[in-house]
Amino acid sequence: MKILEATSLAKRFGPVQAVADVSLTVRQGEIAGLLGPNGAGKSTTLHMLLGLVTPDSGTIRMFGLDLARHRTEVLSQVNFSASYLGLPGVLHVREVLDSFARMYGLRQPRERVDEIVELLEIGPLLRRKVIELSSGQQTRIQLAKALLNDPRLLILDEPTAALDPDAGDRIRGLLVRVARESGKALLITSHNMREVERMCDRIHFISGGRIVATGTAAELASDFGVEDLEEVFLKVARQGSIHI
Amino acid sequence: MTVSTNGSAEFAPSLRAGTALAFPPLSFAARRRRVTGVVLRDLAALRRSPVRVFEIIFWPVVELVVWGYVTLFLESQKVPFVVSMLLGAVLLWQVLHRASNEVAIGFLEDIWSRNLLNMHVTPVTPPEYMTGLVLFSLTKIAAGITAMALLAYVIYGFGLLTVGIGLVPFMALLMIMGWALAFVAISCVLRFGEGAQVLAWSLVFVFQPLAGVFYPVSVLPQPLQYIAAFVPATHVFEGMRAVLNGGAIPWDRMAFAGVLDVVYVALALWLYAVTLRHARAKGRLSRFGE
Ligand SMILES: Nc1ncnc2c1ncn2[C@@H]1O[C@H](COP(=O)(O)OP(=O)(O)O)[C@@H](O)[C@H]1O
Ligand SMILES: [Mg+2]
């Protein structure tokens with residue numbers, strides 16, 4: 001079943017064609033990766049899927065609903081986390097999670113927060129201010145926020161970009177576990193080949209605002225006639241958009 | 001919550017089913033819950049920053065002390081002036097001022113903490129968000145005005161309650177106008193970026209000379225008087241002077257101010273909707289705080 005179906009998305013910011021033509025599907029339970037160099041249009045694509053940016057053209061359907069017309073219903077079942085976002089820094093972690101749980105219209109916000117706190121093992125952080133936490137801990141809190149509404153689709157923009165390799169690895173493990181256990185779909189962007197290779201069932205390679213290839217890591221490598229994903233990346237990044 | 005043998009926690013079945021977890025997104029229960037979330041967040045932010053709590057009391061007290069002694073001085077100079085007029089004006093002006101500032105600052109906090117995108121990907125709708133900010137501002141206004149009124153009584157013997165039942169419409173009309181101005185300031189920040197933040201504090205002062213806070217509107221030049229007639233606050237301050245002079249509450253003026261308030265709020269919400277659409281089209285939401 002298709003959780004997300006985006007067709008022919010395009011977005012121009014002044015002189016920059018940030019996204020030229022992106023079509024994308026994410027299936028139930030799938031971990032999909034959007035991989036591409038800086039400026040390829042990854043974040044813009046995600047922001048369009050989240051209703052933060054209105055596409056110039058193209059359509060977005062999630063859970064069978066048109067995003068433009070059913071914004072509230074769709075956003076209730078989606079969540080988002082990104083390395084460049086913050087949370088209200090003076091608040092205690094508990095207060096942040098409690099208020100977001102309500103903003104997602106949860107029936108039992110406190111119980112749900114307790115559940116997520118246990119899942120992400122952040123109990124010891126609850127009474128601390130967000131600004132006092134390390135970036136690894138903040139990422140965990142962001143993820144906790146992003147899991148509160150048990151989203152059917154979790155969208156993550158470079159979730160490990162701000163982290164050292166160890167913290168990044170822990171977060172990746174956590175994400176895969178959560179996705180597999182709860183059967184939710186994940187759409188994750190990255191310019192980290194190994195991250196994508198390890199986590200994703202399907203990889204969409206984006207360059208110059210276009211999806212230039214889609215497949216598993218092995219399929220992509222063989223399509224491009226190279227050894228591994230890293231070489232695919234270099235080839236695409238250096239040659240611009242390739243059509244295969 | 002159960003913990004499996006390999007030590008990893010799993011979702012408890014009770015809360016796992018997606019549909020049972022949340023109220024139906026368009027239901028009244030869900031909307032009320034989302035508004036509560038916004039209010040709760042702001043209350044927590046207030047609680048965690050002692051400076052903000054201090055400010056609730058600080059600025060009103062400074063204004064009250066300065067203006068109070070100005071009136072005492074004028075009286076000692078035999079200037080025919082009623083202390084209560086000025087003190088009443090200072091107190092009621094605070095209602096307008098705070099209503100406008102608190103709501104606008106509530107929004108700015110999301111920009112300052114890079115939380116804007118987190119807010120905009122929640123199912124909280126613009127009217128729900130606005131309602132949350134407004135409800136939160138009520139608590140701060142109430143606290144500030146209570147402190148000021150007590151102080152006015154203790155220092156100058158001015159009982160705000162001498163204004164009588166008129167206080168209810170006066171304060172309500174001023175608060176609603178203040179909220180409308182806040183929505184305009186928020187829209188300007190969305191449209192023109194963080195450089196427009198100063199409007200959050202200053203927009204309300206554009207209306208101070210017009211609204212005849214400290215003097216009757218009749219002293220203004222004729223053209224300005226026409227404009228002033230379309231400012232809700234004008235009718236409140238004229239009404240307050242009428243009452244403190246022993247007159248009756250001019251209910252016709254209050255009704256007209258009420259109509260103006262409705263128009264102000266409608267225009268402000270429309271402006272916010274338009275700027276939000278524009279911000280999404282131009283990709284502005286992700287550009288704050290950079
Ligand atoms: N809100 C915006 N306003 C103007 N230009 C933007 C905006 N967002 C992205 N861009 C531009 O669009 C291009 C694609 O950016 P982005 O989607 O952020 O790429 P990525 O996430 O793949 O690094 C870049 O050239 C970027 O500068
Ligand atoms: Mg990006």
Side-chain angles (χ1 to χ4, degrees), chain A residues 11 13-14 18 43-44 47 50-54 56 71-82 84-92 95-96 98-109 111-112 114-115 118-121 129-131 142 145 149-152 155 177-178 181-182, chain B residues 1 3-4 8-12 14-18 20-27 29-45 47-49 109-110 112-125 128 132 277 279-286 289-290:
Chain A
K11 187 68 202 176
F13 296 117
S43 297
T44 305
H47 290 173
L50 290 158
L52 295 171
V53 169
T54 317
D56 294 337
R71 186 184 178 86
T72 306
E73 294 97 311
V74 169
L75 290 180
S76 297
Q77 304 179 64
V78 180
N79 216 316
F80 177 54
S81 173
Y84 46 83
L85 294 187
L87 290 166
V90 294
L91 265 61
H92 284 186
E95 293 164 338
V96 170
D98 275 350
S99 56
F100 272 105
R102 286 177 174 78
M103 286 189 246
Y104 278 93
L106 301 192
R107 290 173 193 268
Q108 296 173 290
E111 287 78 357
R112 177 61 182 171
D114 290 340
E115 197 177 62
E118 202 171 322
L119 180 78
L120 299 198
E121 295 161 359
K129 289 188 177 188
V130 173
I131 27 166
Q142 288 267 6
K145 174 241 120 182
N149 60 332
D150 196 14
R152 289 168 77 188
I155 298 181
R177 177 158 67 79
V178 166
E181 276 173 14
S182 62
Chain B
M1 178 75 60
V3 178
S4 57
S8 68
E10 280 169 23
F11 287 98
S14 60
L15 290 175
R16 196 167 165 177
L21 190 64
F23 291 110
L26 300 182
S27 66
R31 292 185 190 283
R32 197 177 49 192
R33 186 55 50 90
R34 295 195 292 257
V35 170
T36 319
V38 177
V39 177
L40 203 70
R41 192 256 332 238
D42 287 336
L43 279 177
R47 199 169 139 217
R48 298 284 161 224
S49 55
E109 296 237 12
D110 279 324
W112 295 332
S113 57
R114 288 184 297 134
N115 189 40
L116 194 66
L117 293 194
N118 278 331
M119 294 301 291
H120 280 268
V121 299
T122 64
V124 175
T125 64
E128 289 161 10
R277 203 179 319 139
R280 286 181 186 145
K282 297 289 172 195
R284 293 201 60 91
L285 292 178
S286 61
E290 289 200 340

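Below, read A as the first sequence line, B as the second, and so on, with proteins coming before strands; counting in each chain starts at 1.
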query = Would B:L21 and A:Y104 satisfy side chain to side chain contact (heavy atoms under 4.5 Å, CB included), going step by step from the backbone distance to the final call?
reply = CA-CA 10 Å; B:L21 190 64; A:Y104 278 93; over 6 Å; no

Pick whichever of [options] has the most heavy-atom pairs under 4.5 Å with chain B.
| options | value |
| --- | --- |
| A:V53, A:T72, A:D56 | A:T72 |
| A:H47, A:Q77, A:H92, A:R152 | A:H92 |
| A:V90, A:L52, A:L91, A:I131 | A:L52 |
| A:P151, A:S81, A:S76 | A:S76 |

For the student: nearest non-hydrogen atoms of [X] and [Y], plus distance:
| X | Y | value |
| --- | --- | --- |
| A:R71 | B:H120 | NH2-O, 3.6 Å |
| A:S99 | B:G37 | CB-O, 3.4 Å |
| B:A281 | A:K11 | O-NZ, 2.7 Å |

request  = Name all residues meeting the salt bridge (charged side-chain N to carboxylate O under 4.0 Å, His left out) criterion together with A:D98; count only those two or more places apart in sequence or in a different chain, and write none if there are none.
outcome  =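 A:D98 satisfies salt bridge (charged side-chain N to carboxylate O under 4.0 Å, His left out) with A:R94, A:R110 once adjacent residues are dropped.
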
ask   = Side chain, backbone, both or neither: which part of A:E73 has a non-hydrogen atom closer than 4.5 Å to chain B?
value =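 Backbone plus side chain of A:E73, per the 4.5 Å heavy-atom cut-off to chain B.
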
Highest number of heavy-atom pairs under 4.5 Å with chain A: which of [options]?
| options | answer |
| --- | --- |
| B:D42, B:L117, B:T36, B:V39 | B:L117 |
| B:A29, B:S113, B:A279, B:A45 | B:S113 |
| B:D110, B:N118, B:L43, B:L26 | B:N118 |

query = Can you tell which of B:V35, B:V38, B:L40 makes a side chain to side chain contact (heavy atoms under 4.5 Å, CB included) with A:M103?
reply =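 When B:V35, B:V38, B:L40 are each tested with A:M103, the side chain to side chain contact (heavy atoms under 4.5 Å, CB included) holds only for B:V38.
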
key: Which residues share a side chain to side chain contact (heavy atoms under 4.5 Å, CB included) with A:A18, sequence neighbours left out   =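 Testing A:A18 for side chain to side chain contact (heavy atoms under 4.5 Å, CB included), a comparison that skips the adjacent residues, returns A:F13, A:T44.
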
request  = Under 4.5 Å heavy-atom distance to chain A, tell me which part of B:R47 shows up: side chain, backbone, both or neither.
outcome  =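 The side chain, not the backbone.
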
Toward chain A, the part of B:T122 with a non-hydrogen atom under 4.5 Å =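 For B:T122, heavy atoms of backbone and side chain both lie under 4.5 Å from chain A.
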
inquiry  = I'd like to know if the side chain of B:R41 reaches the main chain of A:F100, judged simply by a donor and an acceptor atom lying under 3.5 Å from each other, with no hydrogens or angles considered.
reply    =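 No; judged by distance alone, with no hydrogens or angles, the pair does not exist.
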
query = Any sub-3.5 Å donor-acceptor pair from B:R33's side-chain atoms to A:L106's backbone N or O?
reply =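 Between the backbone of A:L106 and the side chain of B:R33 there is a qualifying donor-acceptor contact (under 3.5 Å).
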
